[in-house]
Amino acid sequence: MTYDPSNIFAKILRGEIPAHKVFEDNVALVMMDIFPQSRGHCLIISKAASRNLLDADPTVLSAIIPLVQRVAKAAKAATNADGVRLVQFNEALAGQTVFHLHFHVIPVYEGVALGDHGGGQADSVELAELAQQIAAHL
Ligand code: 5GP
């Protein structure tokens, strides 16, 4: 399977589609998931192009994992979550729907079930606020 640069995350990275950005550096773009499974669900999108973890350059993974940890800590602190789930899918049968390397950071709250993967769209104002709050904890 080859990388297709017409995927939606590549379009967001090129600025062709808007996103609720939390953080950006030369390694990755962090943004809110518009179909969140919980309050504060965000995505770390690799700047380097690969379909997923399987075809990623290991040096890219070495650079991105510390950022994933930072975002997990910031999202937990900003939302007062009780835990954080880290998810990363590889190929459609495993649940991947956007074929550009990314990691999910999903805050988990006691007594609150996670929503479905790719479920309902979140309120844009709420996502903008969450993006600011998480950014403030990075
Ligand atoms: P995966 O490829 O790991 O299965 O999931 C892709 C994720 O991207 C899903 O959680 C979905 O809600 C999210 N997503 C899909 N399209 C968009 C979009 O246009 N903007 C944002 N911010 N997230 C998206």
Side-chain angles (χ1 to χ4, degrees):
M1 297 269 198
T2 53
Y3 177 78
D4 176 359
S6 68
N7 73 78
I8 196 136
F9 291 169
K11 289 180 180 170
I12 289 172
L13 287 173
R14 290 195 295 266
E16 296 166 13
I17 290 178
H20 292 98
K21 291 185 188 177
V22 176
F23 175 82
E24 185 168 11
D25 66 5
N26 59 340
V27 173
L29 168 69
V30 183
M31 66 179 184
M32 304 310 297
D33 194 307
I34 50 167
F35 306 106
Q37 287 184 260
S38 74
R39 191 171 64 86
H41 182 167
C42 46
L43 301 168
I44 296 93
I45 315 288
S46 167
K47 288 257 171 110
S50 72
R51 271 178 76 81
N52 53 43
L53 183 97
L54 302 177
D55 61 335
D57 183 332
T59 60
V60 169
L61 299 176
S62 298
I64 207 167
I65 289 296
L67 177 60
V68 172
Q69 182 193 35
R70 272 179 73 196
V71 174
K73 289 163 90 167
K76 183 174 183 294
T79 59
N80 264 324
D82 300 296
V84 182
R85 185 173 292 192
L86 179 65
V87 184
Q88 192 276 319
F89 300 100
N90 299 284
E91 298 304 334
L93 273 173
Q96 187 175 9
T97 58
V98 179
F99 298 93
H100 181 110
L101 176 63
H102 60 280
F103 295 81
H104 296 254
V105 164
I106 307 174
V108 179
Y109 306 91
E110 190 181 352
V112 181
L114 288 183
D116 290 336
H117 181 47
Q121 188 161 345
D123 177 68
S124 183
V125 172
E126 193 188 346
L127 286 186
E129 282 171 12
L130 279 162
Q132 273 188 3
Q133 288 160 6
I134 295 169
H137 282 82
L138 274 172

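Source: prediction; values computed, not measured. These values consider heavy atoms only, across backbone and side chains, with no hydrogens, waters or symmetry-generated copies. Just follow the structure's listing: the first ligand is 1, and inside any ligand the first atom is 1.
In terms of polar-atom proximity, T97 is counted as a contact of ligand 1, with an N or O under 3.5 Å from an N or O of the ligand.
Given atom 8 (O) of ligand 1, the protein heavy atom at minimum distance is F9 CZ, 3.2 Å. Remark: minimum distance from atom 1 (P) of ligand 1 to any protein heavy atom is reached at H102 NE2, 3.2 Å.
Between H117 and H104, the ring planes are perpendicular. Angles over 60° get that label, and only those under 30° would be called parallel.
Interatomic distance, CZ of F103 versus CD1 of I65, reported as 4.0 Å (0.5 Å rounding). Separation of atoms CG (L53) and CD (E91) is listed at 11.0 Å; rounding is to 0.5 Å.
Within the 4.0 Å heavy-atom shell around ligand 1 one does not find H20. The closest approach between Q88 and ligand 1 stays at or above 4.0 Å for every heavy atom of the residue. Heavy atoms of A19 stay at 4.0 angstrom or farther from ligand 1.
Across F99, F35, F89, heavy-atom proximity to atom 15 (C) of ligand 1 is greatest for F35. Nearest-residue assignment for atom 20 (N) of ligand 1 (options D33, I34, L43; heavy-atom criterion): I34. Across E91, H117, Q121, heavy-atom proximity to atom 4 (O) of ligand 1 is greatest for H117.
Closest approach of H137 and A77 over heavy atoms only: CD2-CB, 3.5 Å. Across all non-hydrogen atoms, the minimal contact from A72 to V84 is O-CG2, 3.7 Å. Between S38 and L114, the closest heavy-atom pair is CB-CD2, 3.8 Å. The two atoms that bring G40 and A75 nearest to each other are O-CB, 4.4 Å, heavy atoms only.
Listed by number with element, the atoms of ligand 1 under 4.0 angstrom from any heavy atom of Q96 are 2 (O), 4 (O). Every atom of ligand 1 with a heavy atom of V98 under 4.0 Å away is listed here by number and element: 2 (O), 6 (C). Numbered from 1 in the order shown, with element, the atoms of ligand 1 that lie under 4.0 Å from a heavy atom of G95 read 4 (O).
Under 4.0 angstrom from ligand 1, the non-hydrogen atoms of M31 all belong to its side chain. Only the side chain of I8 comes within contact range of ligand 1, with a heavy atom under 4.0 Å; no backbone atom does. The part of M32 lying near ligand 1 is the backbone, judged by heavy-atom distances below 4.0 Å.
Put simply, the residue from L43, I44, D33 that forms a side-chain contact (heavy atoms from CB on, under 4.5 Å) with V105 is I44.
Residues H102 and F89 keep their aromatic ring centres 6.0 Å or farther apart.
Placement of V22 and V27 within a single hydrophobic cluster is found when ILVMFWY residues are connected by side-chain heavy-atom separations under 4.5 Å, directly or transitively.
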